[in-house]
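Below is one structure, written out as structure tokens; comments come after it.
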Protein chains: 2
Amino acid sequence: MASQALPYRPHNHQACVTQALADARAICRAQNARLTPTRERVLELIWQSHKPLGAYDVLAELTAEGQNAAPPTVYRALDFLQQHGLVHRIASLNAFIGCAHAGENHTGMFLICRSCGNVLELTAPGVSGAIEGAAKAEHFKAENVTLEIAGLCPRCQSESRHD
Amino acid sequence: MASQALPYRPHNHQACVTQALADARAICRAQNARLTPTRERVLELIWQSHKPLGAYDVLAELTAEGQNAAPPTVYRALDFLQQHGLVHRIASLNAFIGCAHAGENHTGMFLICRSCGNVLELTAPGVSGAIEGAAKAEHFKAENVTLEIAGLCPRCQSESRHD
DNA sequence: CTGGAAATGTTATAATGTACCAAATTTCCC
DNA sequence: GGGAAATTTGGTACATTATAACATTTCCAG
Ligand SMILES: [Zn+2]
Ligand SMILES: [Zn+2]
Ligand SMILES: [Zn+2]
Ligand SMILES: [Zn+2]
């Protein structure tokens with residue numbers, strides 16, 4: 001069997017976080033955007049795992065750390081991070097996840113495991129092309145694509161076989 | 001220019017509604033499911049237009065008609081209609097729309113106009129195939145696909161050109 | 001009939017997201 | 001550096017969407 005994608009297997013996740021934060025700093029510097037402490041901390045919290053995190057989960061962490069935070073605090077930080085392509089919102093879950101392809105121009109495709117909750121973000125050119133083609137055939141000008149696939153990740157499939 | 005899809009041009013919309021209700025009755029009869037008056041009325045309200053309707057919009061209509069309705073009334077009806085493939089939930093809008101392909105086994109792809117709000121539901125085999133292929137390449141078992149494309153419909157594109 | 005299943009009524013509350021205005025901070029020009 | 005403008009943050013209140021829980025009614029098979 002081919003090697004599985006990161007979210008589906010044990011790995012040094014701290015490296016994911018470190019890399020994501022480093023990328024974020026570089027991207028913000030390049031765009032002259034201010035990655036303030038709260039924004040950076042929210043991004044780090046979002047990256048705590050490969051599972052999407054709800055805005056109010058982020059809020060709870062912030063307040064637990066003694067930070068003066070209210071819902072707008074979190075939503076503002078999340079808006080900023082989305083604008084700069086650092087996090088994605090998963091509409092079907094009302095939750096947020098770190099972008100695995102920050103800086104690259106891409107259309108996210110999310111594989112969401114309903115069992116373990118992990119999410120893998122893909123860029124599938126074939127899929128994007130097919131979507132654009134279908135939209136074009138209807139003379140529809142596509143601006144934003146939401147593509148979220150719920151199901152079972154490789155790990156959870158094999159676990160359910162061994163129950 | 002090719003003929004535009006229904007939502008984007010004037011048409012006898014009452015025929016859409018009548019057809020949808022007739023289909024729904026047939027489907028429920030075939031599945032031994034009870035399309036009760038409230039459920040049927042909710043479906044009819046959802047079909048009032050080709051724009052998605054929020055659950056609380058449906059609720060407002062029901063109560064305006066003097067029906068004894070509360071949020072669970074609407075959500076239960078919507079759950080039923082979704083289960084039987086008669087309506088879809090648009091996750092990116094928190095709203096519901098009548099299924100344009102009820103009875104057919106399909107994966108909905110929704111073209112959502114950010115200007116006029118109309119939604120066109122497509123079935124694009126090429127897109128579905130590409131998505132399944134991409135999921136399979138990651139050994140992911142896809143069960144449910146959310147595919148929503150926001151942009152500008154043909155009509156709204158030409159209107160903005162003539163401003 | 002009648003007993004169990006399905007559907008509905010009803011109240012309360014959870015979960016998610018935004019409007020709005022004031023205060024603080026940063027930026028940038030002079 | 002001083003000070004106006006813009007950005008960011010603090011904080012309250014509220015809007016919107018969705019569900020939990022339990023009582024009551026309706027339906028239907030036997
Ligand atoms: Zn990781
Ligand atoms: Zn999983
Ligand atoms: Zn119509
Ligand atoms: Zn339009």
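To find a chain, count down the sequence lines: A is the first, B the second, and so on, and within it residues start at 1. Small disclaimer: the values here were computed from a predicted structure and weren't measured.
Residue order along DNA chain D, read from the 5' end via each residue's closest nucleotide, puts A:R39 first among B:G54 and A:R39.
Proximity of B:T38 to the phosphate of C:dA7: no side-chain N or O atom is located under 4.0 Å from OP1 or OP2. A sub-4.0 Å separation between OP1 or OP2 of D:dT17 and a side-chain N or O of A:N94 is absent. An OP1 or OP2 oxygen of D:dT26 is reached within less than 4.0 angstrom by no side-chain nitrogen or oxygen of B:R34. Between D:dG11 and A:N68, a contact under 4.0 Å exists linking OP1 or OP2 to a side-chain N or O.
For B:P72, counting side-chain heavy atoms from C-beta on, the closest listed nucleotide (C:dT18, D:dT9, D:dT19) is D:dT19. The side chain of B:T36 lies closest to C:dA7, out of C:dG17, C:dA7, C:dG9. Counting only heavy atoms from C-beta on, B:P71 has its side chain closest to D:dT19 among D:dT19, D:dT12, D:dT8.
Smallest separation of non-hydrogen atoms from A:G54 and A:A95: N-CB, 4.1 Å.
Of the inter-residue distances, the one linking B:R25 atom CZ with B:E40 atom CD reads 4.0 Å to the nearest 0.5 angstrom. Summarising the geometry, atom CG belonging to A:N68 is positioned 10.0 Å from atom OG1 belonging to A:T63; distances are rounded to the nearest 0.5 Å.
Screening residues 106-132 of chain B for ring pair (Phe, Tyr, Trp, His ring centres under 6.0 Å) gives B:H88-B:H106, B:H88-B:F110, B:H101-B:H106 as the qualifying pairs, with residues at least two apart or on separate chains.
In this structure, OH of B:Y75 is placed 18 Å from P of D:dA21, rounded to the nearest angstrom. For the pair B:D79 CG and D:dT19 P, the interatomic distance rounds to 7 Å; values are reported in whole Å. Distance CG (B:N32) to P (D:dC27): 16 Å, rounded to an integer number of Å. Between the C1' atom of D:dT17 and the CG atom of B:L78 lies a distance of 12 Å, rounded to the nearest Å. When the P atom of C:dA6 is taken as reference, atom CZ of B:F80 falls 13 Å away, rounded to whole Å. One atom, CD of B:Q67, and another, P of C:dG9, lie 7 Å apart when rounded to the nearest Å. If you take CG of A:L35 and P of C:dT25, they are 19 Å apart, rounded to a whole angstrom. As rounded to whole Å, 13 Å separates atom C1' of D:dG10 from atom CG of A:L59.
Within 4.0 Å of B:R76, counting heavy atoms only, lies at least one base atom of the nucleic acid.
Side chains of A:E104 and A:T123: no donor on one and acceptor on the other come within 3.5 Å.
By the criterion of a centre-to-centre distance under 5.5 Å and near-parallel planes under 30°, the ring of B:Y56 forms no stack with the base of D:dT16.
The neighbour count for A:N105 CG, taken as heavy atoms of other residues, nucleotides or ligands under 6.0 Å away, does not exceed 12.
Between B:H50 and B:W47, the angle of the ring planes goes over 60°, which puts this pair in the perpendicular group of the 30/60° scheme.
For the helix from C:dC1-D:dG30 to C:dC30-D:dG1, the angle separating the two terminal helix axes comes to 30°, with each axis derived from five pairs and the value rounded to 10°.
In terms of modelled atom types and a separation under 3.5 Å, the side chain of B:K51 and the main chain of B:V119 share no donor-acceptor contact.
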